Chemist: 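Encoded as structure tokens, here's the structure I'll be asking about.
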Amino acid sequence: MVDSAFSHAGSAGPGDFRPMLDSLTSALKSQIAAATEATSGLRVDDPVIDVPRDLAHADLACPVAFDLAKRIKTATGEKRAPRDLATAIVGWLQEPGRLPAGIARLDVAGAGYVNVFLDRAAILAALVAGSPMTTTDGAEKVIVEHTSVNPNKAAHIGHLRNSVLGDSIVRILRAAGHRVEIQNYIDNTGVQVADVVVGFLHLEPHTLDEIKAIPDPFDYYCWDLYSRVGVWYRDGNAEGRENPEKLALRAEAQHAIESASGPIAEMAEYVAMRNLEALLRTMYRLGITYDVMPRESEVLQSNFWSDAFEMMKAAGSIHYEADGKHAGCWVMRAEEADASTDDDDFAADKILVKSNGLVTYAGKDIAYHLWKLNRIDRDFSYRRFHEYPDGHVVWITTPDPSAGETDHARFGHGDRYINVIDVGQSYVQDFVKKGVMSVANDPKVAASTHLDYEKVGLTVAACDDLGLPLADDERKRTFIGMSGRKGRGVKADDLLDMLEQNALAEVRSRVEKMNYPEDEQAAIAHTIAIGAVRYFLLKFSRNAVIAFDLKEALSFQGEAGPYIQYSAVRLNSIFAKLRDAGVDLDDPLGRLGRDRVTELLAAEENADFWPVVYLCAQLPETLARTAAGLEPSIIARYAFQAAQLTNEFYHRHQVRNETDADRQALMIAIIGLVQRTLVDALATLGIDVPERM
RNA sequence: GCGCCUGUAGCUCAGUUGGAUAGAGCAUCGGCCUUCUAAGCCGGUGGUCGCAGGUUCGAGUCCUGCCAGGCGCGCCA
């Protein structure tokens, strides 16, 4: 396998590919385990194998001898020097037939490291021959729910983090071979929609026709109205007390909306769906699409909730409170252990049905998740909501079965679900999962997760840049929370507009050199803007609070998406120039032959070739770690690292002007590999590489 | 009160199951564009890894305690 590029370059199909570094490492592990047993009588299973910080030490390092020495001492009391143990292990491994293919030699270093040097030419050849992305077609269906923005106003960058994170998880899972369905839950019956309706009814009275006549951006209009309603409830003082009479109007609207009939419900329906259309447009700018959008109204009206309710009653996991603080409610009781937190201020139990009969979000969510895993014996009716330019259709649930269309894929029926929801909702999500478990105690539920992530806040500097007013005590804080009620936040479309404008300016500044036409300029600027915002939101680990800094988010330099895109684009340029010069780009490794490649890689002047190749070899393992941790920042940082090596390589070596034909051929193989690695890694983040920029 | 998260360079953050000399970006100082795109490259400055114990051949990483900050615990979602 490892030398396929020399024997039949380029012929390896996706089917016969295995990530060679991973399989090499696991083969090596089991051989080292065997070596420990053979040389000491004690077996160390699954020994640690590291990539050393400094590749001059080795390609792989194994500190197993330290572990072994400890175990020997524990077992027999005998003190053995790790270095002697390592020497014995290396001696055993070097016997013929014991080393996995792809390893050149072993060494003992330091106090007892087993150092491994790879057959670098073989690794390079295998990489060039195969796609580093796994292509297995798994049968498991994963339902990823993300975005789920209240459809009552424009999305801000906090919502964007959710969507970009979720969308990247989708791409990563698909790259890892999973079938994925993307769901965007629409909370069209909640308080937030009701508040905008209250605004249209009482704060600035509009008829439905007048609302329909409001020009786009409608979601911006609602953004302002929503924040004004928040102040209006407090009689004009944002920090004041809510006026009960006005709150009654909200409750009235909510009830009307839940009843799903009458002019108020009709207005809410229009407001929610028009905001949803705006949301889909915003998300599509970032390349984010959905498969199906279940609406809360249908979860209620199509009796998903009542089914779940009965199931939980039968399971005894929900209780009616006849008296006490929660009199008249149906609650899920907290665990014994948690009940200790119950006091006057904090109730440990979770209310699923309020005393007025309305179902809380947690209750509806339980019903929704049971449906996702096919544990409720009914389905929604669906209609087409929107068709994307590539023909993909996003479906939405509809209350009217007769209006339903049936020519869609089978929705739901997941083997597990992943819900991208911010960490602030962990408490409720724990109850939701417990509720689902209580009636569907199976591995599908256990394997399902609430994928949590921290909030996006604003820096004081960002608020000043954006002209958002701050109170004096707020100026001392490290970040300022966004607030829809206060209308404080950076709208997603505004950020994208700024990014595209900045990117276009950059593109235009080099129009003389690059000579691209107008329409290409805009397309490039768009791709760069998306690269910038997506990378910015993904480079932080999920549990890091992002203090949104406008300057940093708008930066195209350093650890930023456009930097990575640029490094890949430079490789495009090299290939373009090479083609112009008539250089043979076909099968460079095959032309050189294995021995010549080994010789070239070992040469002093080519010392910085191998680290580039080696990093590329680590893509599958990086992708696996990313998928296992559902942590896109891992592969985001990997891509940046690859881009750094690319730019260094670009600067140090002139591929086009290289006079040694063999050396040039090797360089061509390497930059081809790096380019594909960059493109593949960025693809999992939803970032494209333009042809030029 | 209870629970979760965080504390690493001036700032923002990485740091795989404990492994060899703790990294990156930004900022700052100094170099590099008649040479495949300077959205770049090279170099300098910058660290008691919150504090104190403990485990270990080895701790930023594991354990205990403490300090500081953030979030959550609603008949909102």
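Below, read A as the first sequence line, B as the second, and so on, with proteins coming before strands; counting in each chain starts at 1. All values below were derived from every heavy atom in this structure, side-chain atoms included, with hydrogens, water molecules and symmetry-related copies excluded. Note that this is a predicted model, so its numbers are computed, not measured.
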Chemist: Could you check whether A:R161 makes a cation-pi contact with A:Y453, meaning its NZ or CZ is under 6.0 Å from the centre of the six-membered ring and within 45° of the ring axis?
Modeler: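 No; the conditions do not both hold, so A:R161 does not lie above the ring face of A:Y453.
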Chemist: Would one find a side-chain N or O of A:Y535 under 4.0 angstrom from OP1 or OP2 of B:rA39?
Modeler: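 No, A:Y535 has no side-chain N/O under 4.0 Å of OP1/OP2 on B:rA39.
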Chemist: What class does the angle between the rings of A:F649 and A:F609 fall in, given that below 30° is parallel, 30 to 60° is tilted and above 60° is perpendicular?
Modeler: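 A:F649 and A:F609: tilted rings.
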Chemist: B:rC75 phosphate, OP1 or OP2: any side-chain N/O from A:T360 under 4.0 angstrom?
Modeler: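 For A:T360, the contact criterion (side-chain N or O under 4.0 Å from OP1 or OP2 of B:rC75) is not met.
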Chemist: Can you tell which of A:N188, A:T189, A:D187 makes a side chain to side chain donor-acceptor pair (under 3.5 Å) with A:S297?
Modeler: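 The single option meeting the side chain to side chain donor-acceptor pair (under 3.5 Å) with A:S297 is A:N188.
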Chemist: Count the heavy atoms belonging to other residues, nucleotides or ligands that lie under 6.0 Å from CD of A:Q501, then report whether that count exceeds 12.
Modeler: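 Not more than 12 within 6.0 Å, no.
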Chemist: Can you classify the ring geometry of A:Y427 versus A:F431 as parallel (below 30°), tilted (30 to 60°) or perpendicular (above 60°)?
Modeler: perpendicular
Chemist: I need a per-nucleotide contact map over nucleotides 16-23 of chain B, read 5' to 3'. Cutoff is protein heavy atoms under 4.0 Å; write B for the base, S for backbone only, - otherwise.
Modeler: BB-BB--S
Chemist: In whole Å, what separates the C1' atom of B:rC51 from that of B:rA59?
Modeler: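 Per the computed distance, 16 Å lies between those C1' atoms.
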Chemist: So, does A:R570 get its side chain near the phosphate of B:rA38, meaning an N or O under 4.0 Å from OP1 or OP2?
Modeler: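 Yes.
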Chemist: Roughly how far apart, to the nearest Å, are B:rC63 and B:rC71 at atom C1'?
Modeler: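 Approximately 26 Å lies between the C1' atom of B:rC63 and that of B:rC71.
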Chemist: Has A:Y566 got a side-chain N or O lying under 4.0 Å from the OP1 or OP2 atom of B:rA39?
Modeler: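 Yes, A:Y566 has a side-chain N/O under 4.0 Å of OP1/OP2 on B:rA39.
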Chemist: Does B:rC33 sit syn or anti, given that only angles within 90° of 0 count as syn?
Modeler: syn
Chemist: Fill in the dot-bracket string of RNA chain B, one character per base: . for unpaired, | for a pair to another strand, ( ) or [ ] for pairs within the strand, taking Watson-Crick or G-U pairs under 3.5 Å.
Modeler: (((((((..((((.....[...)))).(((((.......))))).....(((((..]....))))))))))))....
Chemist: Between B:rU55 and B:rU61, how far apart are the C1' atoms? Round to whole Å, please.
Modeler: 14 Å
Chemist: Quick check on B:rC76: is either OP1 or OP2 less than 4.0 Å from any side-chain nitrogen or oxygen of A:K354?
Modeler: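 True: A:K354 side-chain N/O within range (under 4.0 Å) of B:rC76 OP1/OP2.
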Chemist: Establish, for the pair A:K364 and A:Y361, whether the NZ or CZ atom is under 6.0 angstrom from the six-membered ring centre and no further than 45 degrees off its axis.
Modeler: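 No, A:K364 does not sit over the ring of A:Y361.
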Chemist: A:R510 side chain N/O closer than 4.0 Å to the phosphate oxygens (OP1, OP2) of B:rA39?
Modeler: yes
Chemist: Would you jot down, in residue-number order, the residues of residues 552-562 of chain A having a non-hydrogen atom under 4.0 Å from RNA chain B?
Modeler: A:F556, A:Q557, A:G558, A:E559
Chemist: With rounding to whole Å, what would you report as the distance between B:rU64 and B:rC5 at their P atoms?
Modeler: 12 Å
Chemist: Does A:I528 reach a base, just sugar-phosphate, or nothing at all? Heavy atoms under 4.0 Å.
Modeler: base
Chemist: If we take the C1' atom in both B:rG60 and B:rC49, what is their distance in whole Å?
Modeler: 5 Å
Chemist: Kindly assign one of parallel, tilted or perpendicular to the pair A:F536 and A:F548, based on the angle between their ring planes and the thresholds 30° and 60°.
Modeler: perpendicular
Chemist: So, is A:Q644 near the phosphate of B:rG25, with a side-chain N or O under 4.0 Å from OP1 or OP2?
Modeler: yes
Chemist: Would you say A:D323 has more than 12 foreign heavy atoms packed within less than 6.0 Å of its CG?
Modeler: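 12 or below, so no.
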